[in-house]
Amino acid sequence: MAQPPTLEQTIPQRLAIEDIVLVAAPVEEVYQQWSDVSHFSDLMRNVKSVTPLGDHRYHWITSFFGQRQEWDATVTTDAERRIITWRSVAGDESNGDLSFTPQNDGAITEVRLRMEVAPPQGLAPQRVDR
């Protein structure tokens, strides 16, 4: 008789998050707003705070599935008005990027967020599926 998969086998190693939003502003303004990480908690509901640590490093506190996660991340790419990438260097695993693409002759900016995080410990597989 086959055994049901264990929790470790059914929970993905990383959760992938992707979102796209169109902002009615030129890419310069949008990039400036998003490059100020102190506002991330205003822009993303799962982000509780992002604290600058110096030397392109930041301490993140988030809440995924009602569970608090923390990590330190470093910005690995900052190509002004185009893309910002980061990866974790301590704490829970995370990496991601924000890209900025002008649309409609520059009057609108497409902002694309791609992020991967380690799922919180003890997370039920059904919650990950949702």
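FYI, the numbering just counts along the sequence from 1.
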Which pair of non-hydrogen atoms, one from [X] and one from [Y], has the smallest distance, and what is that distance?
X      : Y      : answer
Val75  : Thr77  : CG1-O, 3.4 Å
Lys48  : Arg45  : NZ-O, 3.4 Å
Val111 : Val23  : CG2-CG2, 4.1 Å
Ala25  : Glu29  : CB-OE1, 3.9 Å
Pro52  : Val37  : CG-CG2, 4.5 Å
Met44  : Leu113 : SD-CD2, 3.8 Å

*asked:* Show every side-chain hydrogen bond (donor to acceptor under 3.5 Å, both in side chains) that has at least one partner inside residues 98-112, sequence neighbours left out.
replied: Glu18-Arg112

_Side-chain donor-acceptor contact under 3.5 Å, Thr85 with Thr76_ = yes

*Between Tyr31 and Asp36, does any side-chain donor sit less than 3.5 Å from a side-chain acceptor?*
no

*Test side chain to side chain contact (heavy atoms under 4.5 Å, CB included) applied to Thr74 and Arg87, step by step*: CA-CA 6 Å; Thr74 186; Arg87 65 175 172 75; 4.1 Å; yes

*Please test Met115 against Val117 for side chain to side chain contact (heavy atoms under 4.5 Å, CB included), starting from the C-alpha separation and ending with a verdict.*
CA-CA 7 Å; Met115 188 170 172; Val117 296; 3.7 Å; yes

Can you measure from [atom1] ([X]) to [atom2] ([Y]) and round to the nearest 0.5 angstrom?
X     : Y      : atom1 : atom2 : value
Asn46 : Thr62  : CG    : OG1   : 7.0 Å
Ser88 : Gln69  : OG    : CD    : 10.5 Å
Asn95 : Arg114 : CG    : CZ    : 11.0 Å

*Going hydrophobic residue to hydrophobic residue with side-chain gaps under 4.5 angstrom, can you get from Val47 over to Val21?*
yes

*Under 4.5 Å between side-chain heavy atoms, hopping through other hydrophobics if needed: is there a path connecting Ile83 to Ile17?*
no

*Would you find more than 12 non-hydrogen atoms of other residues, nucleotides or ligands less than 6.0 Å from His56 atom NE2?*
no

_Other residues, nucleotides and ligands only: do more than 12 of their heavy atoms fall within 6.0 Å of CD on Glu28?_
yes

_N/O donor-acceptor pair under 3.5 Å between Asp72 side chain and Ala90 backbone_ = no

*List the steps, then state whether side chain to side chain contact (heavy atoms under 4.5 Å, CB included) holds for Val89 with Arg57.*
CA-CA 9 Å; Val89 293; Arg57 289 178 60 137; 3.4 Å; yes

*Answer yes or no: is there an ion pair linking Arg82 with Glu80, defined by an N-O contact shorter than 4.0 Å?*
no

*Under the side chain to side chain contact (heavy atoms under 4.5 Å, CB included) rule, what do Ser49 and Ile61 come out as? Steps first, then yes or no, please.*
CA-CA 5 Å; Ser49 67; Ile61 300 175; 3.6 Å; yes

*Scan residues 70-99 for pairs that pass ring-ring contact (aromatic ring centres under 6.0 Å, His included), counting only residues two or more places apart or in two chains.*
Trp60-Trp71, Trp60-Trp86

